[in-house]
Amino acid sequence: MHDQTAVKTDGIDELLDLYPGVEAELDDGYKGLAKAHPGQVRIPPKKPGGDATENDLAAWRAARHAQSSTRICVEHGIGELKHWRPLQRWIGRRDDLPETIAAVASLVSDRAAAR
């Protein structure tokens, strides 16, 4: 599902309004959500322009690396879920997908705990 579709259909914007203590590290697809909730939603910093100094570029690289480091474990978890055959070619109803993802996630979690 596209990021903006998820924001609109799953009510992410409303949930952030209801729970102001929740913070999120997101990717570039959520720029509008980051503007609407500046204290809660963090996206990667914007790349400096072509006239930026080397210090500006170094600061941008460090900030981007720090932000991606906080997201990497979640991205790996999502990636591991996508390797499961039932989720690779989902042809079922969209309404049934969250329940299937939860079931596969519990299997992935059990397998990770056994390692």
- Not counting sequence neighbours, which residues clear side chain to side chain contact (heavy atoms under 4.5 Å, CB included) with D96? List them please. W90, R93
- Note on the structure: Closest non-hydrogen contact found for A52 with P48 is CB-CB, 3.5 Å
- Straight-line distance of R42 CZ to Q67 CD, nearest 0.5 Å: 8.0 Å
- Between D17 and H37, what is the shortest heavy-atom contact and its length? OD1-CE1, 2.8 Å
- Heavy-atom nearest pair, A36 first then D13, reads CB-OD1, 4.4 Å
- Message: To the closest 0.5 Å, what do you measure between CD (E25) and CD1 (I72)?
- Response: 12.5 Å
Tabulate below the donor-acceptor pairs under 3.5 Å that side-chain atoms of residues 55-62 make, not counting sequence neighbours, or state none.
unit_1 : atom_1 : unit_2 : atom_2 : d
D56    : OD2    : T53    : OG1    : 3.3
W60    : NE1    : P45    : O      : 3.2

- Message: Atom CD of residue position E14 - does it have more than 12 heavy atoms of other residues, nucleotides or ligands inside 6.0 Å?
- Response: yes
- To the nearest 0.5 Å, what is the distance between CD1 (I43) and CG (D28)? 6.0 Å
- Task: Measure the shortest side-chain to side-chain distance between L33 and Q40 over non-hydrogen atoms and say whether it is less than 4.5 angstrom.
- Result: no
